[in-house]
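We use all heavy atoms of the structure for the numbers below, so side chains are in, but hydrogens, waters and symmetry mates are not. Computed from a predicted model, the values in this text were never measured in an experiment.
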Amino acid sequence: MLKFLFLFQKGAAQIGIVRDIKEFLRSGEYEKATAVTRDLMNLTLEGLSYYQNYDRVFLNIVVTLGFFGWVCCIVLQIIQKHTGVLKDISRHRKMPLQPLLKEGYVDFLFMILAIVGLVLLIAESAPRMYYLYCLLPFLFWNQVAKKLHIITATFEYVLVNNLQSKVVTVLAFGGLSVEILVLSFFRRELLSVGLIFFAVWPFSTKLRTSSVWLAVSWFVFCIGLAIFPLLPVVGREANYGLVTLAGILTLTTVAMVIAFCHSSSDGLQDELKNTWQLFFLQAAMVSLSMYIVNSTKESLSLKEGVPFFNHVSSWSILICSFVLPLFSSSNIALRLISIMMSFMSVYLLMSTAYEGLFLLMLSVLMAAWLLCEHKLSVRALESLLDMQLNLDSSSQVHRPAWRVLTEGLSSPTTRHLTLEDLRCVYFFVFFVITAFYGTGNIASINSFDPASVYCFLTVFSPFTMGALLLCKVVIPFIIVTCTLDAIHVVLQVPVHSLFLLVLVMTDLMGLHFFYLVKDYGSWLEIGTSISHYVIMMAFIIFLLLIFGLARLFTGASLTVSLLKKKM
C-alpha cells in the first residue's frame with residue numbers, strides 16, 4: 001500500500017513537470033525547459049531506484065539473520081560434538097547438562113512466529129522466493145534456541161578457565177584475517193602480504209629451536225610463492241623457457257626428496273623398491289611434457305601445425321596423471337610425491353609462462369606445511385595415544401618422527417579441536433585462494449589464450465577447451481586439499497571437524513560479499529561483485545568435490561598399521 005501511494009504521488013508530480021516542460025517549449029523558454037527536464041530525469045532515476053530497492057532493507061535483514069543462524073548452528077555443533085567444553089562443564093557442575101527450554105515450547109513459539117510472517121507476506125503479495133528467504137531464518141534460529149544450554153555452558157567454561165582475553169584475541173584476529181581474505185579477491189597483492197606474514201610464523205613456535213632447517217625452508221618457500229601474485233596476470237605473452245625451467249626444477253626437487261627418503265633408516269627403502277618403476281615413469285612423463293611443449297612451439301612458429309604424436313601423447317599424459325597416483329605407495333609422503341609429479345606433467349602441457357613454477361613452489365610449500373604441522377604435534381599425539389590406549393613399553397612399536405608422518409595412524413582414537421586447528425583451517429582457506437588467484441586464473445578465463453591447449457587440440461572447440469581450462473584451474477586445488485587430508489591424519493583430527501570450521505569461515509566471507517554486490521557502475525564492476533558472491537556460495541559445493549578427489553588420491557595411504565599384535 002505504501003509503495004502504491006509513493007508511486008502515485010511521484011507519477012502525479014511527473015505529469016505536472018511534463019506539462020510545465022511543454023509550456024516552456026511553446027513560449028520559447030528553452031533554458032527553463034532544459035533545467036526542468038534535468039529535474040525530471042533525476043526524479044525518474046530516483047523513482048526507479050526506489051522501485052528496485054524498495055524491499056532491499058527487509059531482504060538484507062532476512063538474509064543476514066539466515067546467515068548468522070546457519071553459522072550459529074554450525075558453531076554450536078562444533079562445540080557440542082568436537083570439543084570438550086560440555087564434558088568439562090558437566091564435571092565442574094557434577095551433573096549432566098539439561099536443555100533450558102523444552103523442545104515442544106520452542107517449536108510452538110517459532111511456529112506462531114512463522115505463521116505471522118506468512119500472513120504478512122500474503123498481505124503484501126510478496127513473490128514466492130520471499131517465503132523461502134523468510135522461513136529459513138526461523139528454521140535455523142529454532143535450532144539455536146533448542147541449544148541455549150550449550151551457549152550458557154560455553155560462557156561458563158570461558159569464565160571458569162579465565163579465557164576471556166584469549167577469546168577476544170581470537171575473535172579480533174579472526175575477523176581481521178577474514179577481512180584480508182575478502183580484500184584479496186580485489187587486490188591479488190594482499191596474498192603476497194599474507195604470505196610474508198606466514199613466512200615468520202615458524203619462528204614464533206618451537207620449530208625455531210627444534211627444526212631450524214624446516215623453519216628456514218618454510219620462510220624461503222613462502223617468500224618464493226609471494227612473488228607470483230605480484231607478477232602480471234598470465235596472458236598472451238608466452239615464455240616457454242620458464243615452462244622448461246619448471247620441469248627441470250621439478251625433476252631435480254623430486255630426485256633430492258627421493259634420495260633423502262632412500263637414506264632414511266626407518267623402512268622407506270622397501271617402499272621405494274616397490275614404487276621406483278612408477279616414479280621413473282612419472283619422471284619420464286614430466287620430461288615428455290617439456291619436449292611436447294617446446295616441439296609444439298617450434299611447429300607452430302614454422303606454421304607446420306602440431307604433430308599428431310604431440311596430440312596423442314598429451315591426451316595420454318592427461319589420462320595417466322589421474323590414474324597413476326592410485327598405484328603409488330601406501331605411505332603419505334611417497335603418495336604426495338607421486339600426486340605432485342603426475343599433475344605437474346599435465347600442468348606443464350597447459351602452461352605458457354610461469355604457471356609451472358607457481359605449481360612447483362606451491363607443492364614444496366605444501367610439503368613444508370605438512371612437515372611443520374607434524375613436527376609441532378608428534379609429541380602430543382604420541383602421549384595421547386599412550387594415555388588412551390594404555391600401552392606399555394613392551395607392546396608399543398618404536399615410532400620415529402618420520403615414520404609417524406609417512407605411515408599415518410591406524411588407531412581410531414581422535415582428539416578434540418584446539419585453537420591451533422583454527423590456524424590450520426585458515427592456512428588451508430588462504431592457500432586455496434592463493435591457488436585460485438596466484439596466476440590470475442579469473443582473468444585468464446575472461447581473456448582465454450588458446451595457446452594453453454595447443455598441445456591437446458588446435459581446432460576451436462569451446463566445450464573441450466573449457467574442460468581443459470577447468471582441469472588446469474582445479475589441479476592446484478587438489479594439491480592443497482591432498483595436503484590437508486594428510487595433515488588431518490597426522491594430527492588425528494576428524495576431517496569433518498576441520499570441514500565445519502572451513503564452512504564457518506567461508507559463510508562469513510559469503511555474507512561480506514553479499515553486502516558488496518553492486519547494482520550500479522560499469523558492467524565489469526557489477527559482474528565482478530556478483531561473481532565474488534557466487535564463488536563463495538559455490539565454494540562449499542566445489543570443496544566437497546575436491547575433498548572427494550583428494551580422498552581418492554590419498555585414501556590408500558591412510559590405513560597403515562602402527563601397532564603390532566602380540567604373538
Indicate the atoms forming the closest heavy-atom contact of [X] with [Y], along with that distance.
X      : Y      : answer
Phe553 : Ile339 : CB-CD1, 3.6 Å
Ala114 : Leu135 : CB-CD2, 4.2 Å
Leu230 : Ala226 : CG-O, 3.8 Å
Ser316 : Val312 : OG-O, 2.8 Å
Tyr454 : Thr458 : O-CG2, 4.0 Å
His82  : Ser497 : ND1-OG, 2.7 Å

Taking atom [atom1] of [X] and atom [atom2] of [Y], what is their separation to the nearest 0.5 Å?
X      : Y      : atom1 : atom2 : answer
Leu362 : Thr483 : CG    : OG1   : 7.5 Å
Thr481 : Met366 : OG1   : CE    : 10.0 Å
Leu336 : Asp485 : CG    : CG    : 9.0 Å
Leu245 : Thr252 : CG    : OG1   : 9.5 Å
Ser351 : Met344 : OG    : CE    : 8.0 Å

Which word best sums up how the rings of [X] and [Y] line up, parallel for under 30°, tilted for 30 to 60°, or perpendicular for over 60°?
X      : Y      : value
Phe203 : Phe219 : perpendicular
Phe427 : Phe431 : perpendicular
Phe228 : Tyr354 : tilted
Phe456 : Trp315 : perpendicular
Tyr533 : Phe514 : tilted
Phe186 : Phe513 : tilted

Indicate yes or no: at least one non-hydrogen side-chain atom of [X] is less than 4.5 angstrom from one of [Y].
X      : Y      : answer
Cys424 : Leu484 : yes
Ile292 : Ile317 : yes
Met509 : Ile433 : yes
Leu501 : Tyr426 : no
Trp218 : Phe198 : yes
Leu468 : Leu457 : yes
Leu120 : Cys134 : no
Ile337 : Met340 : no

Determine whether more than 12 heavy atoms belonging to other residues, nucleotides or ligands lie under 6.0 Å from atom [atom1] of [X].
X      : atom1 : answer
Phe173 : CZ    : no
Arg423 : CZ    : yes
Tyr133 : OH    : no
Phe68  : CZ    : no

Report yes or no: does [X] contribute a side-chain atom to a donor-acceptor pair with the main-chain N or O of [Y] at less than 3.5 Å?
X      : Y      : result
His532 : Ser529 : no
Trp369 : Phe428 : no
Asp421 : Thr418 : yes
Lys472 : Met350 : yes
Ser289 : Leu348 : no
Ser338 : Leu334 : no
Ser192 : Arg188 : no

**Message:** Set out, in order, the CA-CA distance, both residues' side-chain angles and the distance that settles ring pair (Phe, Tyr, Trp, His ring centres under 6.0 Å) for Phe430 and Phe197, then state yes or no.
**Reply:** CA-CA 12 Å; Phe430 187 93; Phe197 281 105; over 10 Å; no
**Request:** Verify side-chain hydrogen bond (donor to acceptor under 3.5 Å, both in side chains) between Thr296 and Tyr240, making sure each step is shown before the conclusion.
**Result:** CA-CA 10 Å; Thr296 301; Tyr240 291 99; over 6 Å; no
**Request:** I would like to know whether Val429 and Val178 meet side chain to side chain contact (heavy atoms under 4.5 Å, CB included); could you show each step before the answer?
**Result:** CA-CA 10 Å; Val429 177; Val178 171; over 6 Å; no
Hydrogens and angles aside, do [X] and [Y] bring a side-chain donor and acceptor to less than 3.5 Å of each other?
X      : Y      : value
Asn294 : Thr244 : yes
Tyr347 : Ser321 : no
Ser345 : Gln282 : no

**Asked** Among Phe110, Phe67, Trp70, whose ring pair (Phe, Tyr, Trp, His ring centres under 6.0 Å) with Phe140 holds?
**Response** Trp70
**Asked** Could you go step by step and tell me if Val425 and Val504 meet the side chain to side chain contact (heavy atoms under 4.5 Å, CB included) rule?
**Response** CA-CA 10 Å; Val425 169; Val504 171; over 6 Å; no
**Message:** Which residue in the set Leu503, Val85, Leu500 passes side chain to side chain contact (heavy atoms under 4.5 Å, CB included) when paired with Ile78?
**Reply:** Leu500
